[in-house]
Amino acid sequence: MVAKAGDSITYRQSSTANGDTPFTVRYDFSAGLYQGRAAVVGTVTVNGVSAATAGVGTVYLDPVTGLALAEDAPVGGANDTLTTYDPPDWEQRLTQAGIQGGSSGKIAVTATVTGKSVTDGFAALGGATALVIKYEFDIARDANETVSTPAGSFANACKYRVDFALKDFQVQGPAASNPLLSTMLPLLRDAFVVPTKVTLWTSDQVPFMLPKAVTQTTLPAPTGLVTTTQELTQLVKAPR
C-alpha cells in the first residue's frame, strides 16, 4: 500500500543486546517536495532514544508508486547527510520480486551516502564526495500466514527470510587516491560486514512499513547472537 498524506505509522523496536533501550518511531506523512518534484514526506518522531541512535530520518516517497526517493540521515544538522538507493524501489523489490512460496531469489542493492558528514569524516585524507556500499540480498519466501502485532493481526501476510552480505565498499573523491585509505578500508568494511538474517512479514494493509520484522545478528565474542524485533504498534490510515 502506498503511503499518502494523513497516514501515521508507529513501530516499536527492542533488542536482546545488553544495555539496549527499547524505543518507538512514528512516521507522519504529508504532501511535500523532493528536489523540486512532488513527494510524500514522512517526518520522524522518536521516543526512548535519539533519532541518531534509532538510525532513522525523514523519508521522501514517490506519491504514485510509493518508491523511496531518499532519506535524510539523522546526524549533524538538518539535511546534513543523504542516502540514496539503486534501485530506488529496492525495498519493494525485496518483497515483491515475484518470488512464490517455497522459492528464492537474489537482489543487488547499492547505497550511496553523500553530504557534509562524509566530506568531514575523510577530511584528513583529502575529503570524500560519497560512500558507495553494495549489498546482495538472498531471499526465500515461505507460505503466507497471519502475523500478530500490538496494532492488530494481519491475515495472509507474506513471509520472507533474508540473508544479506556486503559485496563492495568504496570511498569516492580525493580520499580515494590517498595511500592511507587502504589501511582504513578493512576496518570500514568490517563495520558493515556482520552476519545477518532477517525474517519479515509484509501486508497490503500497511503503507510504507512492515507489520513485523525479526533480525538476528551474530556479533564478535563475547556478544554473540543478538535478536532485534520491530513491530507495528499503531496505524492510522487516511481515507482512500
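The structure presented is a predicted model; accordingly, all values stated were derived computationally and were not measured. Start at 1 with the first residue, then count along the sequence.
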Reported CZ-to-OH distance for the pair F169 and Y135, which is rounded to 0.5 angstrom: 8.0 Å
Could you measure the distance from the CG atom of L131 to the CD atom of Q170? Nearest 0.5 Å is fine. 10.0 Å
T24 side chain reached by Q234 side chain, heavy atoms, under 4.5 Å: no
Under-4.0 Å salt bridge between D7 and K237: no
Looking at K4 and P239, would you say the former's side chain and the latter's main chain have a donor-acceptor pair under 3.5 Å? yes
Do side-chain atoms of N178 reach the backbone of L125 as a donor and acceptor pair under 3.5 angstrom? yes
I'd like to know if the side chain of E71 reaches the main chain of G57, judged simply by a donor and an acceptor atom lying under 3.5 Å from each other, with no hydrogens or angles considered. yes
Given 3.5 Å as the limit, does a donor-acceptor pair link the side chain of T196 with the main chain of F164, or not? no
Could you tell me the separation between the CD atom of Q230 and the CG atom of L210, rounded to the nearest 0.5 Å? 7.0 Å
Could you check whether any side-chain heavy atom of V132 comes within less than 4.5 Å of a side-chain heavy atom of D168, counting everything from C-beta outward? no
Can T43 and T58 be counted as having a side-chain donor-acceptor contact under 3.5 angstrom? no
Working to the nearest 0.5 Å, report the span between OG1 of T146 and NZ of K159. 12.0 Å
Hydrophobic clusters here meaning ILVMFWY residues chained together by side-chain heavy-atom distances under 4.5 Å, can you tell me if V236 and L232 are in one? no
What class does the angle between the rings of Y34 and Y60 fall in, given that below 30° is parallel, 30 to 60° is tilted and above 60° is perpendicular? tilted
Please state whether the rings of Y27 and F29 are parallel, tilted or perpendicular, taking 30° and 60° as the class boundaries. parallel
Shortest non-hydrogen contact from L69 to A39? CD1-CB, 4.2 Å
Hey, does the side chain of T233 reach the backbone of P150 with a donor-acceptor pair shorter than 3.5 angstrom? no
